[in-house]
Amino acid sequence: MKRTLIKNALNDLAPGGQVKLAGWVRTLRTSGGGFSFLAINDGSCLATIQVVADGDLDNYESEITHLTAGCSVVVTGELVESPAKGQRVEVKASEVRVLGTADADKYPIQPKRHTFEFLRSQAHLRARTNTFGSIARVRNRICSAIHEFFQQRDFLYVHTPIITASDCEGAGEMFRVTTIDVGAPPRTDDDKIDWGQDFFARPTYLTVSGQLEGETYACALGDVYTFGPTFRAENSNTPRHLAEFWMIEPEVAFADLSDDADLAEDFLKHIFRAVLTDCDEDMQQFNKWIDKTLLETMTNIVDSSFERVTYTEAIKLLKAANRKWEYEPAWGNDLQTEHERFLAEETFGKPVIITDYPSTIKPFYMRLSDDGRTVAAMDVLVPKIGEIIGGSQREERLDVVLERMKAQDLNPDDYWWYLDLRRYGTVPHAGFGLGLERTVQFATGMDNIRDVIPYPRTPRNAEF
Ligand code: 4AD
Ligand code: MG
């Protein structure tokens, strides 16, 4: 007999049929009347299903009454209408087979509230809790919504390399990839490390972004997107930074900054709508335990339009705000999280797209505007998180991009293939990057980004 998912048993199946369920015990309650209630979860949904095990089952005394949180079981029985409140059906077990026990004195995940900090130290077991199960299901729905959105719009999914020789963001925050013996590296005549003898015969790194390679495909095939892991060796210990995170990067040919902003807005709304529609049980849970304004915020975002202002206007608004900043806002400096959150939370009370940043604080590939001092950049800011998307129209003019590279001390020879796009059939194009974990954080209301990826990588932390 095939196993039935608990979500199907609870929501779809009519009482009366036989089912076989498999999962982990959350609680056991033995009644005086010679039978026991088991609450079983299999991860297919938040809820547990109630199993009634009768005292005449042959392993009742020897096994069933000893079950504790974390034990794994296979239950066969009849799905019956439940007399208990708040549940439509339960299972009257004809067999409860115990697959694995879990020593109650040692099993770390007890049926009580654990702190997120403690659960981070038990990351291999935390998916067995309500919150982390919900996060995993919401994250999954977000990922499927992402593919859905682009596939419906004829974007091609392209795989850009994870090992790369170029620093897309030019921020020098890359992890080196090497097979050289770090204890005894080969040396050149002038005693430098001889990277020519490394695996790729050149210095290589984990990618910080698939954009540059994504652009090459957009400039051949039109609309493309990447969705993959990216790595940043920035020493930021914040609730919004990971050293390894997933990024979605669409790249669109024949598009300008305003097309890019439209796409970003439609994209975020599509994702949040999917979560609201299909993850109701999990979202109710987050709204109840994590952030009581979550559903309201999410619904508002889906129904309203994003604000759009230039960086220059944003600086004016921040300066005019009667408020003590940790960093004083000033034209020419990057926006800090406190500024971003203020704009999204206080000034506008909804997502805001900031455009036209000073060229000096943005990477070489962003298109220089006619004013000569700003670039066609955009960041999408949302309440509580700040920046969730960063993007731009790309500089398609060879002479201008060469100037910008020079200004940022980059060697054009290292980017010869990227520059070829400007030499052969150049077109206006634009794109952006959405951080997956910040999206999951926003959709779940979770405070710390370490809790929305199964195994977070942060400075001094790569356990599991
Ligand atoms: O703004 P970023 O650095 O943009 C790029 O990498 C561009 N190449 C994207 C493009 O135009 N194709 O990063 C994009 C997004 C950010 O807005 C943020 O959501 C996320 O990636 N992000 C991080 N998420 C978690 N931890 C970090 N350390 C992150 N750095 C960026
Ligand atoms: Mg950015």
Side-chain angles (χ1 to χ4, degrees), residues 142 146 150 155 158 160 164 166-175 206-218 223-252 255 257 259-261 263-264 267-268 271 311 334-337 339-340 344 351-355 357-358 361-367 375-382 384-395 418 429-443 446 448-453 456-459 461:
I142 288 174
I146 286 164
F150 289 122
F155 281 62
V158 300
T160 52
T164 175
S166 46
D167 182 358
C168 172
E169 296 305 296
E173 291 170 338
M174 306 208 289
F175 288 100
L206 293 177
T207 189
V208 297
S209 158
Q211 179 197 319
L212 302 187
E213 292 90 351
E215 281 185 54
T216 67
Y217 267 62
D223 301 343
V224 303
Y225 68 106
T226 71
F227 186 169
T230 49
F231 307 87
R232 303 219 176 158
E234 57 183 327
N235 201 1
S236 308
N237 252 310
T238 82
R240 279 171 301 275
H241 286 88
L242 290 166
E244 175 180 307
F245 63 99
W246 288 68
M247 186 154 57
I248 302 92
E249 297 182 275
E251 195 65 36
V252 184
L257 186 65
D259 300 322
D260 205 28
L263 184 72
F267 181 43
L268 286 177
I271 293 171
Y311 165 90
D334 212 349
L335 297 181
Q336 302 293 321
T337 303
H339 306 138
E340 295 176 339
V352 46
I353 307 182
I354 313 279
T355 60
Y357 284 74
I361 55 169
K362 289 292 184 185
F364 71 95
Y365 55 72
M366 297 193 176
R367 191 178 196 279
V375 286
M378 66 159 192
D379 275 5
V380 182
L381 317 179
V382 295
K384 287 190 73 183
I385 307 278
E387 177 189 342
I388 197 166
I389 282 181
S392 71
Q393 184 171 341
R394 317 308 187 190
E395 183 53 78
Y418 183 75
H429 59 289
F432 62 77
L434 169 71
L436 176 65
E437 286 71 21
R438 291 198 189 167
T439 311
V440 180
Q441 239 190 309
F442 186 69
M446 293 296 290
N448 198 316
I449 200 164
R450 293 169 178 79
D451 297 329
V452 298
I453 186 167
R457 299 292 178 244
T458 52
N461 172 31

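Quick caveat: nothing in here was measured; it's all calculated off a predicted structure. Indexing begins at 1, ligand by ligand and atom by atom, following the structure's order.
- Here the CE-CG distance, from Met247 to Leu434, works out to 9.5 Å after rounding to the nearest 0.5 Å.
- Proximity of Glu387 to ligand 1 is established by a heavy-atom distance of less than 4.0 Å.
- Separation of atoms CH2 (Trp246) and OG1 (Thr439) is listed at 14.0 Å; rounding is to 0.5 Å.
- Heavy atoms of Asp379 found under 4.0 angstrom from ligand 1: none, in either backbone or side chain.
- Contact of the Met446 side chain with the Lys384 side chain is not registered, since no non-hydrogen atoms from C-beta on lie closer than 4.5 Å.
- Note on Glu387: its N/O/S atom closest to the Mg ion (ligand 2) is OE2.
- Interatomic distance, Gln211 CD to Ser166 OG, rounded to the nearest 0.5 Å: 10.5 Å.
- The protein heavy atom nearest to atom 19 (O) of ligand 1 is Ile388 O, 2.7 Å.
- Using a distance-only test at 3.5 Å, with no hydrogens or angles considered, no donor-acceptor pair links the side chain of Asp259 to the main chain of Leu263.
- For atom 3 (O) of ligand 1, the closest heavy atom belonging to the protein is Arg232 NH1, 2.8 Å.
- Among all protein heavy atoms, the one lying closest to atom 26 (N) of ligand 1 is Leu242 N, 2.9 Å.
- Closest to atom 15 (C) of ligand 1 among all protein heavy atoms lies Gly433 O, 3.5 Å.
- Of the charged side-chain nitrogens involved, at least one lies within less than 4.0 Å of a carboxylate oxygen, so that Lys362 and Asp379 count as a salt-bridged pair.
- Atom numbering of ligand 1 starts at 1 in the shown order; those under 4.0 Å from a heavy atom of Gly390 are 1 (O), 9 (C), 10 (C), 11 (O), 17 (O).
- Partner of Thr164 under the side-chain contact (heavy atoms from CB on, under 4.5 Å) criterion, out of Leu212, Leu206, Thr207, Val208: Thr207 alone.
- Surrounding OH of Tyr217 are at most 12 heavy atoms belonging to other residues, nucleotides or ligands under 6.0 Å away.
- Note: Gln336 CD to Glu387 CD = 11.5 Å, rounded to the nearest 0.5 Å.
- At the top of the distance list for atom 12 (N) of ligand 1, counting protein heavy atoms only, stands Glu249 OE2, 2.7 Å.
- Listed by number with element, the atoms of ligand 1 under 4.0 Å from a non-hydrogen atom of Gly391 are 11 (O).
- In plain terms, the two heavy atoms of Thr160 and Thr226 that are nearest each other are CG2-CG2, 3.4 Å.
- Less than 4.0 angstrom separates some heavy atom of Ile389 from each of these atoms of ligand 1: 17 (O).
- In this structure, Tyr357 and Tyr311 have tilted ring planes: the angle between them lies in the 30° to 60° band.
- Donor-acceptor pairing under 3.5 Å is lacking for the side chains of Gln441 and Glu437.
- For atom 18 (C) of ligand 1, the closest non-hydrogen atom of the protein is Arg438 NH1, 3.6 Å.
- Of the protein's non-hydrogen atoms, Phe245 CZ, 3.4 Å is the one closest to atom 30 (N) of ligand 1.
- Contact analysis leaves Ser392 out of contact with ligand 1, as no non-hydrogen atom separation drops below 4.0 angstrom.
- If you take CZ on Arg394 and CE on Met366, they are separated by 7.0 Å, rounding to the nearest 0.5 Å.
- Counting the atoms of ligand 1 from 1 in the order shown, those under 4.0 Å from a heavy atom of Ser209 are 6 (O), 8 (N).
- Between Gly435 and ligand 1, a contact under 3.5 Å exists for at least one N or O pair.
- At a heavy-atom distance under 4.0 Å, only side-chain atoms of Tyr365, from C-beta outward, approach ligand 1.
- Counting heavy atoms closer than 4.0 Å to ligand 1, residue Arg240 contributes backbone atoms (N, CA, C, O) but none from C-beta onward.
- Between His241 and ligand 1, no N or O atom pair is found at a separation short of 3.5 Å.
- Nearest protein heavy-atom contact of atom 5 (C) of ligand 1 is Glu169 OE2, 3.5 Å.
- We find the CD-CD distance between Glu173 and Glu234 to be 4.5 Å, quoted to the nearest 0.5 Å.
- Proximity of Glu437 to ligand 1, defined as any heavy-atom pair under 4.0 Å, is not found for any part of the residue.
- Only the side chain of Arg394 comes within 4.0 Å of ligand 1, judged by heavy-atom distances.
- Considering both main-chain and side-chain atoms, Glu234 comes within under 3.5 Å of ligand 1 through a nitrogen or oxygen pair.
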